[in-house]
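Reading through the structure tokens given below for one structure.
Numbered from 1 within each chain, the chains take letters A, B, ... in sequence-line order.
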Number of protein chains: 2
Amino acid sequence: MNTDKLFEALSEPNRRSILEYLRVQDRSVGELVELSSLSQPGVSKHLRILREAGLVTVRSDAQKRLYSLNAKPLEQLDDWLGPYRRFWSSKLDDLERFLNEDEP
Amino acid sequence: MNTDKLFEALSEPNRRSILEYLRVQDRSVGELVELSSLSQPGVSKHLRILREAGLVTVRSDAQKRLYSLNAKPLEQLDDWLGPYRRFWSSKLDDLERFLNEDEP
DNA sequence: TTATTATATTACCCTTTGGTTATATAAATG
DNA sequence: CATTTATATAACCAAAGGGTAATATAATAA
């Protein structure tokens, strides 16, 4: 899945909220509408973007559509963070200092 | 620093590129212009947004302005990912299965 | 089959975004 | 001080984004 689309999908606060609701349990569109402060089409539009980013999956249950979190793509985000980790980990900063200890 | 602003800043591919350039070494605006495919004002605008998200810092060197990466805010992203990790870590998935082994 | 329920799409609106060119500002240099 | 160099801001524009009401679709229920 595309990294650009992933970041794009995550850039919207309402979409991140939806992911957090789905982290707790699967939800129908109607439930997500109640949980959010959005209209039904609003929620559906966000769900579409999340689906296209691979962050959620749907299955049908009678007339309802149940959405589930699919966190797999977030692993990409974790990977993206990888090279930046050393910059905020103070322990590694110490290690760096140690490795560069040649200078006076 | 604000989480919304952080995600927003990271949602733009050119801005993520700039961060990667700065991960290697500090850069003047002019250098970033050459590295990117953007106009000088274009780069300056992105740098402003990165600055406001706390992801870069500036210092002056003669007429130049040298930008540095500040990865600290990315720790927030790492934290945000926290609760999602268990969803993609297959090892933990195995642990979950084990913990739920009561069911036939 | 018709009506009801649940969701997706369409059509619109307004605001924001990302890009550019032109211009202002700031520092160094002749 | 005038000029050059380097960057930031302003002004502007087209496109995208996010929101809603209205409408289409899909599945169940009467």
Side-chain angles (χ1 to χ4, degrees), chain A residues 1-22 24-70 73 77, chain B residues 1-22 25-70 73:
Chain A
M1 180 56 55
N2 184 349
T3 303
D4 287 12
K5 253 188 182 175
L6 177 62
F7 274 100
E8 191 56 40
L10 294 176
S11 70
E12 218 282 327
N14 290 307
R15 286 197 286 267
R16 292 200 300 280
S17 295
I18 291 178
L19 292 182
E20 281 161 35
Y21 295 137
L22 297 181
V24 178
Q25 67 189 73
D26 295 359
R27 291 290 191 184
S28 70
V29 178
E31 289 173 324
L32 291 172
V33 170
E34 291 193 1
L35 288 166
S36 73
S37 55
L38 295 173
S39 64
Q40 178 266 310
V43 170
S44 280
K45 278 177 82 171
H46 284 306
L47 286 171
R48 188 183 215 284
I49 291 171
L50 290 171
R51 242 186 301 132
E52 288 175 356
L55 287 164
V56 301
T57 57
V58 217
R59 66 179 189 280
S60 290
D61 171 34
Q63 306 115 309
K64 298 185 185 173
R65 307 261 289 161
L66 293 184
Y67 280 82
S68 314
L69 173 68
N70 177 29
L77 212 167
Chain B
M1 180 54 56
N2 185 350
T3 302
D4 287 12
K5 252 189 181 172
L6 177 62
F7 274 100
E8 191 56 42
L10 295 176
S11 71
E12 217 283 326
N14 290 307
R15 286 197 285 268
R16 291 200 301 279
S17 295
I18 291 178
L19 292 182
E20 280 160 34
Y21 296 137
L22 297 181
Q25 67 189 74
D26 294 357
R27 292 289 191 185
S28 70
V29 177
E31 289 174 323
L32 291 172
V33 171
E34 291 193 2
L35 288 166
S36 74
S37 55
L38 295 173
S39 65
Q40 178 267 310
V43 170
S44 281
K45 277 176 81 171
H46 284 306
L47 286 171
R48 187 183 215 281
I49 291 171
L50 290 171
R51 243 186 300 131
E52 288 175 355
L55 287 164
V56 301
T57 57
V58 216
R59 65 180 188 282
S60 290
D61 171 35
Q63 308 116 306
K64 297 185 185 174
R65 308 259 290 160
L66 293 184
Y67 280 82
S68 314
L69 173 67
N70 177 29

Residues in salt bridge (Lys or Arg N to Asp or Glu O under 4.0 Å) contact with [X], at least two apart in sequence or another chain:
| X | value |
| --- | --- |
| B:Glu20 | none |
| B:Arg65 | none |
| B:Arg15 | none |
| A:Glu34 | none |

Which atoms form the tightest heavy-atom contact between B:Pro73 and B:Ala53, and what is the distance?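 The answer is CG-O, 3.8 Å.
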
Looking at D:dG18, D:dA8, C:dA6, which one has an atom nearest to any side-chain atom of A:Lys64?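 Nearest to the side chain of A:Lys64 among the choices is C:dA6.
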
Results of side-chain contact (heavy atoms from CB on, under 4.5 Å) for B:Arg48 - residues two or more places apart only: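 For B:Arg48 the side-chain contact (heavy atoms from CB on, under 4.5 Å) partners, ignoring immediate neighbours, are B:Arg51, B:Glu52.
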
How would you list, by chain and number, every residue that makes a side-chain contact (heavy atoms from CB on, under 4.5 Å) with A:Ser36, sequence neighbours excluded?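 Scan of A:Ser36 (side-chain contact (heavy atoms from CB on, under 4.5 Å), adjacent residues dropped) gives A:Leu38, A:Val43.
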
Give, ordered by number, those residues of [range] having at least one heavy-atom distance below 4.0 Å to an atom of DNA chain C; if nothing qualifies, reply none.
| range | answer |
| --- | --- |
| residues 49-58 of chain B | none |
| residues 9-22 of chain B | B:Glu12, B:Asn14, B:Arg15 |
| residues 35-42 of chain A | A:Gln40, A:Pro41 |

Atom-pair distance (NZ on A:Lys45; P on D:dA21), nearest Å: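 Distance, rounded to whole Å: 13 Å.
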
Any donor-acceptor N/O pair, A:Ser44 side chain to A:Pro41 backbone, under 3.5 Å: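 Not at all, since once roles are kept as given, no pair shorter than 3.5 Å links the two residues.
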
Inter-residue atom distance [X].[atom1] - [Y].[atom2], 0.5 Å rounding:
| X | Y | atom1 | atom2 | result |
| --- | --- | --- | --- | --- |
| B:Glu31 | B:Gln25 | CD | CD | 6.5 Å |
| B:Tyr67 | B:Leu32 | OH | CG | 9.0 Å |
| B:Asn2 | B:Glu8 | CG | CD | 10.0 Å |

Let me check the geometry of the helix from C:dT1-D:dA30 to C:dG30-D:dC1. What is the bend angle between the axes at its two ends, five pairs each, to 10°?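 Taking five pairs per end, the axes differ by 0°.
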
Within the 4.5 Å heavy-atom criterion, are A:Arg16 and B:Asp4 side-chain neighbours or not?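 Answer yes - side chains close enough.
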
Please encode protein proximity along nucleotides 25-30 of chain D as a string of B, S and -, counting only heavy-atom distances under 4.0 Å. --BS--

Suppose the criterion is ring-ring contact (aromatic ring centres under 6.0 Å, His included): which pairs have a residue in residues 1-22 of chain A, not counting sequence neighbours?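 Non-adjacent pairs meeting ring-ring contact (aromatic ring centres under 6.0 Å, His included): A:Phe7-A:Trp80.
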
side-chain N/O A:Arg48 vs C:dA8 OP1/OP2, d < 4.0 Å: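 No, outside the criterion.
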
Indicate whether OP1 or OP2 belonging to D:dA6 is found under 4.0 Å from a side-chain N or O atom of B:Tyr67.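 Answer is no, no contact under 4.0 Å.
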
Test A:Leu55 against every option in A:Leu19, A:Leu22, A:Asn70 by the side-chain contact (heavy atoms from CB on, under 4.5 Å) rule and name the one that passes.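 Of all the options given, the one that passes is A:Leu19.
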
